[in-house]
**Student:** 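Quick one: this structure, given as structure tokens, is what I'll be asking you about.
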Amino acid sequence: MSFRYKSWVWQYGKRQGDKAFCDLCDDNSNKVFCCAGGSTGSFGRHLKLIHNISRNTQNPRYVINSSKDDLTCAAHTLQLAVNNSLKYDKIDNLIQLCSKIVCHFKHSNLASQYLKDKQDQLGLPTEKLIQSCKTRWNSIYMMLDRLYKNRCPISNVLADRSLTTAAMAHKFEVTEHQWTDVETLIKLLKPLQIMTTVFCGEKYCSISMVRPLINAVIEKHLKHNVSDDEITEHFKTTVIRELSDRFKLLWCPSSVVSARQIASFLDPHPRFKDLEHETVDARENIRTRVKHLIKEIAEINCDVQIETPVTKHHGALEFLFGDEVNCNTADYDIQYQHYLAEPQLKFDFDALEWWKTRASKYPLIVALATKYLGIPATSVSSERCFSTAGNIVTAKRSCLAPETVNMLIFLHQNKQLL
């Protein structure tokens, strides 16, 4: 399907007789712009002078208001919630103790070598301990997980008086109850760590996963149990409250449909399109909002001249029934209802690839899906790009031309395609 606008200026207004009505102007004298015959050139100059809009300017109707939709980095917001949940005396003291143990092995080559020998004797992988860092996501989880896996070789090294003094051994002593607390924290932090990794992916639509995954983690992994101890109870209560507040999970009458909610509805994967993670009121508002956006696109495209492609019939039934079996692609309501009736995808199928194969069936919804599903859930992609640029532009390569740097970064980011 191919189409072309009569002129780009009429995306922003309509012409009646010798007047052009500007959709961007308020109800004042500029609302009705008189010109000789309502010419395209005169209305284009009006858009340029009054609204600073040219041919390459994006239509404001298609612009996503990031302040209203709250398009923050999902991974960073998640880590803020986790960090606030760890601000508890018992948890904080345990993390500090584990950090001191790691610091001891990091600063002592002899202790580090003995730890490696003990790992070999016990048949464990020879892995170095990981230190937590406030600016590194999930570093507390990785530190605790590595320590717990190597608790036996660590205890053997600290118990060796030829290597560790009694005072140091007492300082770094971890009781059995504390090891149990470490195991508890690992189980609590693991689903949050996996969720962060999923959010940071670049080969699939990530923004549509944010709200469904957060709700799934709360329901499946952070649900309160009668057997929860003090640390578990505090962490679950705090992190659920933090996630609900920061991601606005609770729907109220004053809530506004966000880009994440629209993206979830436009993702044909199971449990996304049906909005099972949202309340009943939220589902109705999201569907109404999406339908309104599709209607706006249809109104904008009312001046589009559509060239109907020649239909090739591959079978007898298709030839006999002809075009009667096809839905009317110009009717936004029919497209919307047909999309609701589509079967759900498997989790390993790419949503953008699915929409690409159905561009001719849902031309109006495809434009909306491409816009929202293309939004990254996190800022990780840009951070990786900055890191790549920092590795390329070094002190010895500081005279590289900007065009050369851009091309080198582009090649590095797309080297898997070469």
Side-chain angles (χ1 to χ4, degrees), residues 11-12 23-24 58-74 77 199 204-216 243-302 304 327-345 351-352 354-355 358-359 361-378:
Q11 300 178 58
Y12 306 94
D23 294 341
L24 303 180
Q58 192 175 12
N59 193 322
R61 295 184 184 183
Y62 284 97
V63 177
I64 299 175
N65 191 335
S66 60
S67 60
K68 183 173 72 173
D69 290 321
D70 194 22
L71 291 177
T72 58
C73 176
T77 306
F199 287 167
Y204 47 81
C205 302
S206 54
I207 186 173
S208 60
M209 302 180 180
V210 175
R211 294 179 67 87
L213 285 183
I214 291 175
N215 280 274
L243 292 175
S244 300
D245 293 343
R246 293 180 181 275
F247 288 96
K248 299 180 175 62
L249 299 182
L250 301 179
W251 182 267
C252 60
S254 60
S255 299
V256 179
V257 178
S258 67
R260 291 177 179 140
Q261 292 172 314
I262 295 175
S264 296
F265 177 75
L266 295 173
D267 193 322
H269 284 104
R271 300 182 184 179
F272 290 9
K273 184 179 73 173
D274 291 341
L275 302 174
E276 296 178 357
H277 55 281
E278 302 286 352
T279 62
V280 177
D281 293 338
R283 294 175 197 172
E284 293 301 322
N285 282 273
I286 294 169
R287 290 165 181 161
T288 303
R289 176 59 179 164
V290 171
K291 196 171 183 179
H292 177 72
L293 292 174
I294 298 173
K295 183 179 179 181
E296 284 187 350
I297 296 176
E299 291 175 351
I300 293 174
N301 291 343
C302 65
V304 175
C327 65
N328 184 6
T329 56
D331 192 330
Y332 73 93
D333 187 60
I334 292 179
Q335 291 187 37
Y336 178 81
Q337 297 300 330
H338 276 260
Y339 171 66
L340 292 179
E342 284 280 356
Q344 295 177 342
L345 296 181
L352 288 177
W354 186 89
W355 279 111
R358 286 160 177 78
K361 186 176 182 180
Y362 306 111
L364 300 177
I365 310 180
V366 163
L368 195 65
T370 304
K371 178 180 70 171
Y372 280 93
L373 294 179
I375 302 173
T378 68

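Just so it is clear, the model here is predicted, and its values are computed rather than measured.
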**Student:** Under 3.5 Å, is there a donor-acceptor pair between the side chain of W355 and the main chain of L266?
**Tutor:** yes
**Student:** Under the side-chain contact (heavy atoms from CB on, under 4.5 Å) rule, what do T378 and S206 come out as? Steps first, then yes or no, please.
**Tutor:** CA-CA 8 Å; T378 68; S206 54; over 6 Å; no
**Student:** Is the shortest side-chain heavy-atom distance between L293 and Y332 below 4.5 Å?
**Tutor:**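 They are not in side-chain contact.
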**Student:** Output the distance between atom CG (L243) and atom NZ (K248), rounded to the nearest 0.5 Å.
**Tutor:**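 Answer for the CG-NZ pair, L243 versus K248, is 13.0 Å.
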**Student:** Can we say D333 and K291 salt-bridge, meaning some charged N sits less than 4.0 Å from an Asp/Glu carboxylate O?
**Tutor:**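 Counted as a salt bridge, because a side-chain N and a carboxylate O are separated by less than 4.0 Å.
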**Student:** Is any side-chain heavy atom of L364 closer than 4.5 Å to a side-chain heavy atom of Y339?
**Tutor:**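 Sidechains of Y339 and L364: no contact.
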**Student:** Might you point out which heavy atoms bring S208 and D267 nearest each other, and give the distance in Å?
**Tutor:** OG-OD2, 2.5 Å
**Student:** With sequence neighbours left out, what residues match K295 under salt bridge (Lys or Arg N to Asp or Glu O under 4.0 Å)?
**Tutor:** none
**Student:** Start with the C-alpha distance between R287 and V290, add both sets of side-chain angles, then the distance that settles side-chain contact (heavy atoms from CB on, under 4.5 Å), and finish with yes or no.
**Tutor:** CA-CA 5 Å; R287 290 165 181 161; V290 171; 5.8 Å; no
**Student:** Ignoring hydrogens and angles, tell me if any N or O in the side chain of R211 forms a donor-acceptor pair with the backbone of F247 under 3.5 Å.
**Tutor:**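 Yes, R211 side chain to F247 backbone: donor-acceptor pair under 3.5 Å.
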**Student:** Quick one: sort the W354 and Y362 rings into parallel, tilted or perpendicular, breaks at 30° and 60°.
**Tutor:** parallel
**Student:** Start with the C-alpha gap between W251 and Q261, add the side-chain angles, then the distance that decides, and say whether side-chain contact (heavy atoms from CB on, under 4.5 Å) holds.
**Tutor:** CA-CA 11 Å; W251 182 267; Q261 292 172 314; 4.0 Å; yes
**Student:** Is there side-chain contact between L71 and I207, with at least one heavy-atom pair below 4.5 Å?
**Tutor:**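 Yes, close enough: below the 4.5 Å cut-off.
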**Student:** Check whether the side chains of E342 and H338 place a donor and an acceptor atom closer than 3.5 Å, and report yes or no.
**Tutor:**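 H338 and E342 do not have a side-chain donor-acceptor pair below 3.5 Å.
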**Student:** Just to verify, what does Y204 make a ring-ring contact (aromatic ring centres under 6.0 Å, His included) with, not counting sequence neighbours?
**Tutor:** none
**Student:** Main chain of C252, side chain of S255: is a donor-acceptor contact present, judged purely on distance under 3.5 Å?
**Tutor:**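 Between the backbone of C252 and the side chain of S255 there is a qualifying donor-acceptor contact (under 3.5 Å).
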**Student:** Between R283 and L275 (side chain of the first, backbone of the second, donor and acceptor by atom type, cut-off under 3.5 Å), is there such a pair?
**Tutor:** yes
**Student:** Provide the closest heavy-atom pair for R246 versus T77 in the form atom of the first, atom of the second, distance.
**Tutor:**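 The answer is CB-CG2, 3.6 Å.
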**Student:** Supply the atom-to-atom distance N285 CG to H292 NE2, rounded to the nearest 0.5 angstrom.
**Tutor:**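 NE2 of H292 is found 13.0 Å from CG of N285.
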**Student:** Do H277 and S264 touch side chain to side chain, with heavy atoms closer than 4.5 Å?
**Tutor:** yes
**Student:** Taking C-beta and beyond as the side chain, do I294 and Q335 meet within less than 4.5 Å on heavy atoms?
**Tutor:**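 No, too far: nothing below the 4.5 Å cut-off.
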